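Everything numeric in this text was worked out from a predicted model, so none of it was measured. Counting convention: from 1, in listed order, for ligands and their atoms alike. Here, residue 1 is the first one in the sequence, and each next residue gets the next number. Excluded from the calculations below are hydrogen atoms, water molecules and symmetry mates; all remaining heavy atoms, backbone and side chain alike, are included.
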Amino acid sequence: MKRIALILLCLLVLSCGNEPAVKKNSSTPKRVVEVPTFNSDSAYDFIAKQVAFGPRVPNSKAHQACGAYLINTLNGYCDTVIVQEADLTAFDGNVLESKNIIASFKPERAKRVMLCAHWDTRPFADQAETNKNTPIEGANDGGSGVAVLLEMARQFSMKKPDVGVDIILFDSEDYGQPEESDYPRMQHSYCLGSQYWAQNLHKPNYFAKYGILLDMVGGKEAVFTQELASMTFAERTVKKVWNTAAVLGYGGQFLFQKTNLVVDDHYYINNYANGRVPTIDIIEHDASRKNKFYKHWHTHEDKLEHIDKNTLKAVGQTVMHVVYNE
Ligand code: AHN
Ligand code: ZN
């Protein structure tokens, strides 16, 4: 009997000492997150789908149809979709029936990130030599950013990131006044949808840790530099994204090189939304060109055939890695 009591006592002592070898505290290394693979074939198909509607110029049939397609597609992947409608007056007096599309994962989560792109395309080709007044296909300028976000939404639907995510597709970004224009000069004629959103948030107290804008992210051998407004308002996020790209092997496309201001959607988000969403711009920078952007920028050559899946992959995988690690 004594012997049994002794064995029981020993077992008790042993089981009490059976604590986990590593205590969970602040010194525990950061958790390792499995990041799904960004599928660039799927992203490419999302560009093809948009381009097939025709140029997505505000107030056109193609714009209307593509908007419906984007809302429907995001509804299939995300928890909620809010459509913010606004009539926005362009430099030429046209009132653009605009739709900002806001699709969310975990809309109740306080900790969130915002990812955005513009979905409309330019009504002119003012950088082209001929037919400057006919619209562009906008495979890269309009199509690519949206497509990368749609593919990310598809991935998020299969494996939700811990952080809340808002994907915002801005409208009426590219109806800006051409340099040669007979209309009186209008200030801030680009980015009408994001200007409206930044001054009329879709939720009154909307806040995100940071925002990432994707613009022209499908060009062959595109390089992305550290643009001034991104560095001024969201330097930590620029560093996080560029360091992540380097770790993933995309350092050849994400250059640690500082470049001049680009007045893009992020500029208005940073300036008008009271620092609620410090936002960076991932936009192709071409040092060899006077316009500094994608080589087919605002020409009729901005077509699907010039889209490079490797660039879509570099951007999509990098941003996904950042999001899943929040
Ligand atoms: C300007 O051309 C003033 N900003 C560049 C914004 C833009 C146009 N992104 C794509 N198309
Ligand atoms: Zn453009």
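Checked by atom type, the side-chain pair His188/Tyr268 shows a donor-acceptor distance below 3.5 Å. Between the side chains of Asp141 and His296, no donor-acceptor pair of N or O atoms lies under 3.5 Å.
Below 4.0 Å from some heavy atom of Asp141 lie the following atoms of ligand 1, by number and element: 10 (C), 11 (N). The distance from ligand 1 to the heavy atoms of Met216 drops below 4.0 Å at these ligand atoms: 10 (C).
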Does the side chain to side chain contact (heavy atoms under 4.5 Å, CB included) test come out yes or no for Met320 and Phe156, once each step is laid out?
CA-CA 9 Å; Met320 262 177 50; Phe156 295 165; 4.1 Å; yes

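Other residues, nucleotides and ligands place no more than 12 heavy atoms under 6.0 Å from the CD atom of Gln64. Around CD of Glu305, the count of heavy atoms belonging to other residues, nucleotides or ligands within 6.0 Å exceeds 12.
Checked against the 6.0 Å centroid threshold, Phe254 and Tyr250 do not count as a close aromatic pair.
Looking only at its N/O/S atoms, Asp174 has OD2 as the one nearest to the Zn ion (ligand 2).
Grouping the Ile, Leu, Val, Met, Phe, Trp and Tyr side chains by contacts below 4.5 angstrom, directly or via other members, places Phe256 with Ile282.
Looking only at heavy atoms of the protein, atom 2 (O) of ligand 1 is closest to Trp297 CZ2, 3.6 Å. Among all non-hydrogen protein atoms, the one lying nearest atom 9 (N) of ligand 1 is Asp215 OD2, 2.7 Å. Nearest non-hydrogen protein atom to atom 8 (C) of ligand 1 is Asp174 OD1, 3.3 Å.
The closest non-hydrogen atom to atom 1 (C) of ligand 1, taken over Ile283, Asp265, Val263, comes from Val263.
Using 4.0 Å as the threshold, Glu173 has a heavy atom nearer than that to some atom of ligand 1.
At a cut-off of 2.8 Å, His298 coordinates the Zn ion (ligand 2) through an N, O or S atom. The Zn ion (ligand 2) has an N, O or S atom of Asp141 inside 2.8 Å of it.
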